[in-house]
Protein chains: 4
Amino acid sequence: MTSFPAPPSGLIDGTVHRFAVRAYIEDTDLSGVVYHANYLRWFERARSDFVRLRGIDQRGANESGLGAFAVVDLTIRYAVPARLDDAILIETRCADLRAASCRMHQKALRDDGILLSEANFRVGFVSPDGRPRRMPDGWHAAFAHIVPEGS
Amino acid sequence: MTSFPAPPSGLIDGTVHRFAVRAYIEDTDLSGVVYHANYLRWFERARSDFVRLRGIDQRGANESGLGAFAVVDLTIRYAVPARLDDAILIETRCADLRAASCRMHQKALRDDGILLSEANFRVGFVSPDGRPRRMPDGWHAAFAHIVPEGS
Amino acid sequence: MTSFPAPPSGLIDGTVHRFAVRAYIEDTDLSGVVYHANYLRWFERARSDFVRLRGIDQRGANESGLGAFAVVDLTIRYAVPARLDDAILIETRCADLRAASCRMHQKALRDDGILLSEANFRVGFVSPDGRPRRMPDGWHAAFAHIVPEGS
Amino acid sequence: MTSFPAPPSGLIDGTVHRFAVRAYIEDTDLSGVVYHANYLRWFERARSDFVRLRGIDQRGANESGLGAFAVVDLTIRYAVPARLDDAILIETRCADLRAASCRMHQKALRDDGILLSEANFRVGFVSPDGRPRRMPDGWHAAFAHIVPEGS
């Protein structure tokens, strides 16, 4: 019988989510390091797993026509380039929870602790026609658990 | 005989570069609009063609071991989502030219003039080992032509 | 006033569609050439523009819940690698039209005529729940115009 | 102190490598399922981890100018579409080992055992200028361990 290892979803430690990724050939470009836009894909994987672990069902919300998260704005700073085979930790923290959006701070750290990149996303809930919409109550409550007080 | 249409490289109008892209299925995600990270790929295409039209040979610099551009930081704001088949104009302007880097402002506009997204990149020249390096003289001169005075 | 150059959609010459793309940094990997999976993105752009030029509205079909094209199977052979800044022509031809699917042959040629890659896709129409479905009549008629007799 | 979970590399069971991935928003397209080209990225991750676990250092070979693997050809069949949040197992088996290349069979299975896609790649070793080259002796020996006799 085939065993089915589960893909990793990261771990929530208090209000921080930690998630591991590896740099593959698909992530690199001809300069030999990870292409700048691909960090955004890593950060999205971590955010998606963070909220999924807190009970937020993005697939269900999409399939039922409820809505989806959309990135409203982001800033990202690149400190040290990631290279093929690097083992990388993505740390995610939430802040500034509002009715329809939340801010998420993310860092990419190499496994020797070196900071590769840090980013700051505002993520908002939008209806299928693209308008900002209050998050479902359960989603807001899920975020409230992971936004430190006073942040 | 097969004719070979050239791919578009956009046009430089004074200090502005204008470049057209279309939103394809590859660019979209399950929410039905273009995935946020894919705007960064469009913006990179426009920046690469802008500097190529000004005589900067990124491929040659890479193959000869001279170095490459790297994104140092960026901010991006998403206003209106792009949808499949949208015809989109990318406008690129340069500012704040330094010895090793330049800032580039970019907008994505739908063909009815609606602003979809705007972004601001600091792009630096780096040696193959990843350290900031003065741009080759010819490259700096090429940028000097497209950075408005006083910017 | 800003001029809005249209993105290129390629040209139909009888039953062949010709479409130009350029290799950008986003397309490359650390080996210095275009990453193998990215040819599939180029081929999809060409197929999408080919059928759009023939009046097939993929976005409308998706938004109205009619269905979408899905790749059923594909083969691809890589002959010569594409490099940064290469100007590439994608040629697309259709064959073997059926009620719910069509086969599409595609080639990527460098602007000096060298064959980079060739591929063969079976593309089927599927309902939103993923089942094969007869193409809309107008779509089938559109394909009938671009499938050579006896193919 | 921050703990650093390692990213998963999959497990080798005899001559089979098993590797788990999850479908994220980045993988999907507007039809609500995973975009066809993105399976190739998953398959590459699995192949890269398989050979890395067997001691093959792709990054070192690239950085030292020894060469790299390149996909020579591939076929892929799509049976059932993957959807957001699906947990997917990638199984990889090698066959037909030659001096400069190897064939790799790969399957993507959903965690309920349903086959999503299967593919067959010929992967060859190439010098930095793109010519087929005998694999390093140690690499060939590593493959010899994972190619079943008579395959």
Side-chain angles (χ1 to χ4, degrees), chain B residues 1-11 13 16-28 30 32-33 37-38 40-49 51-52 56-63 68-71 83-91 107 109-113 115, chain C residues 1-11 13 16-28 30 32-33 37-38 40-49 51-52 56-63 68-71 83-91 107 109-113 115:
Chain B
M1 202 194 99
T2 302
S3 67
F4 280 91
S9 300
L11 291 168
D13 174 8
V16 184
H17 178 254
R18 294 197 175 87
F19 178 75
V21 296
R22 192 179 300 282
Y24 290 104
I25 296 173
E26 59 150 335
D27 299 310
T28 62
L30 84 169
V33 299
N38 289 336
L40 274 68
R41 304 197 291 112
W42 293 348
F43 286 133
E44 182 256 303
R45 293 182 207 168
R47 291 196 308 274
S48 288
D49 273 343
V51 302
R52 194 165 47 77
I56 290 176
D57 179 8
Q58 292 191 83
R59 172 171 161 182
N62 180 266
E63 294 184 349
F69 285 124
V71 175
R83 292 181 180 272
L84 185 68
D85 292 342
D86 278 351
I88 293 156
L89 178 74
I90 308 292
E91 287 190 353
K107 289 181 186 175
L109 299 150
R110 205 169 53 194
D111 63 358
D112 57 3
L115 178 69
Chain C
M1 203 193 99
T2 303
S3 67
F4 281 90
S9 299
L11 292 167
D13 175 7
V16 184
H17 178 254
R18 293 197 175 87
F19 179 75
V21 296
R22 192 180 301 283
Y24 289 104
I25 296 173
E26 58 150 335
D27 299 309
T28 62
L30 85 169
V33 299
N38 290 335
L40 273 68
R41 303 197 290 114
W42 294 347
F43 287 133
E44 182 256 304
R45 293 181 207 169
R47 292 195 308 274
S48 288
D49 273 343
V51 302
R52 194 164 48 76
I56 290 176
D57 179 7
Q58 293 192 84
R59 172 171 160 181
N62 181 266
E63 293 183 349
F69 285 124
V71 175
R83 292 181 180 271
L84 185 68
D85 292 343
D86 279 350
I88 294 156
L89 178 74
I90 309 292
E91 287 190 352
K107 289 181 186 175
L109 299 150
R110 205 168 53 195
D111 63 357
D112 58 1
L115 178 70

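Worth knowing before you read on, the calculation uses all heavy atoms, side chains too, and leaves out hydrogens, waters and symmetry mates. A note on names: the letters A, B, ... follow the listed sequences, proteins ahead of strands, and every chain is numbered from 1.
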Begin with the C-alpha distance, continue with both residues' side-chain angles, and end with the deciding distance and a verdict on side-chain contact (heavy atoms from CB on, under 4.5 Å) for B:Glu26 and C:Ser48. CA-CA 10 Å; B:Glu26 59 150 335; C:Ser48 288; over 6 Å; no
Under 4.5 Å from a heavy atom of chain B, the part of C:Ala87 involved: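 Both parts, backbone and side chain.
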Looking only at heavy atoms, what is the nearest atom pair of [X] and [Y], with distance?
X	Y	answer
C:Asp85	B:Arg59	OD2-CB, 3.9 Å
B:Ala6	C:Ala20	C-CB, 3.8 Å
C:Ser9	B:Arg22	OG-NH2, 3.0 Å

B:Glu63, part contacting chain C, at a heavy-atom distance under 4.5 Å: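 It is the side chain, since no backbone atom gets that close.
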The reported gap from CD1 in B:Ile25 to CZ in C:Arg47 (rounded to nearest 0.5 angstrom) is 8.0 Å
Below 4.5 Å, heavy-atom pairs only: which of B:Leu40, B:Asp13, B:Asp57, B:Asp49 has the largest tally toward chain C?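 Option with the top pair count is B:Asp49.
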With sequence neighbours left out, write down each residue that passes side-chain contact (heavy atoms from CB on, under 4.5 Å) with B:Ala68, or none if nothing qualifies.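 Checked B:Ala68 against side-chain contact (heavy atoms from CB on, under 4.5 Å); matches are A:Ser31.
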Please enumerate all residues that pass side-chain contact (heavy atoms from CB on, under 4.5 Å) together with B:Val21, with sequence neighbours excluded.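 B:Val21: side-chain contact (heavy atoms from CB on, under 4.5 Å) contacts with B:Phe19, B:Trp42, B:Arg45, B:Ile88, B:Ile90.
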